[in-house]
Amino acid sequence: MKTSTRNIIIAASIFAVLAFIAMFSFDAQTIVIDGEEISGVAGFGIGIVGLAIGLLAAVFAIAVTGIVLVGVVIFLALIAVVVLGALGLALSPLLLPLFILMGLVWLFNRRKVA
């Protein structure tokens, strides 16, 4: 048996034992469905299933929210890159004399290799 399968079986067993203990530690577990009261083991089981469905829905909602936020971050990063690129293109005619001067200084200050 693989370690992950064994761990899942152990976790499910512990959960079942704790659920069994919790079932008897509370007073009447009554769930009302369409006006009909369901209590006892069936009511407790339906309650646990309801909690599991709620937990699954919450996890799914958090995952979808995370995916949407990642998409928004990527979109905003692309907008920032486009804005910076446009700013660079807009300033390039003004910076051209500076680039020429920097190139000449770099050209004349190079060390000659023997």
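Because only heavy atoms are used, hydrogens play no part in the values below, and waters and symmetry mates are left out as well, while side chains stay in.
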## Note on the structure
Contacts of E36 meeting side chain to side chain contact (heavy atoms under 4.5 Å, CB included) (sequence neighbours excluded), chain-then-number -> none
### Query
Should V73 and I67 be counted in the same cluster of Ile, Leu, Val, Met, Phe, Trp and Tyr side chains packed under 4.5 Å apart?
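Unlinked, V73 and I67 end up in two clusters.
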### Task
State plainly whether one hydrophobic cluster holds both L78 and V70, where clusters connect Ile, Leu, Val, Met, Phe, Trp and Tyr through side-chain heavy atoms under 4.5 angstrom apart.
yes
Can you tell me how far the [atom1] atom of [X] sits from the [atom2] atom of [Y], to the nearest 0.5 Å?
X    : Y    : atom1 : atom2 : result
I9   : S4   : CD1   : OG    : 9.5 Å
L107 : M102 : CG    : CE    : 13.5 Å
L87  : L91  : CG    : CG    : 4.5 Å
L69  : I62  : CG    : CD1   : 11.5 Å
I53  : L56  : CD1   : CG    : 8.0 Å
F99  : L94  : CZ    : CG    : 10.5 Å

### Task
Determine, step by step, whether I38 and V32 satisfy the side chain to side chain contact (heavy atoms under 4.5 Å, CB included) criterion, reporting the C-alpha distance in whole Å, the side-chain angles of both residues, the deciding distance to 0.1 Å, and the verdict.
CA-CA 6 Å; I38 301 172; V32 179; over 6 Å; no
### Query
By ring pair (Phe, Tyr, Trp, His ring centres under 6.0 Å), which residues pair with F15, not counting sequence neighbours?
none
### Whichever hydrophobic residues join I21 through chains of side-chain contacts under 4.5 Å
V17
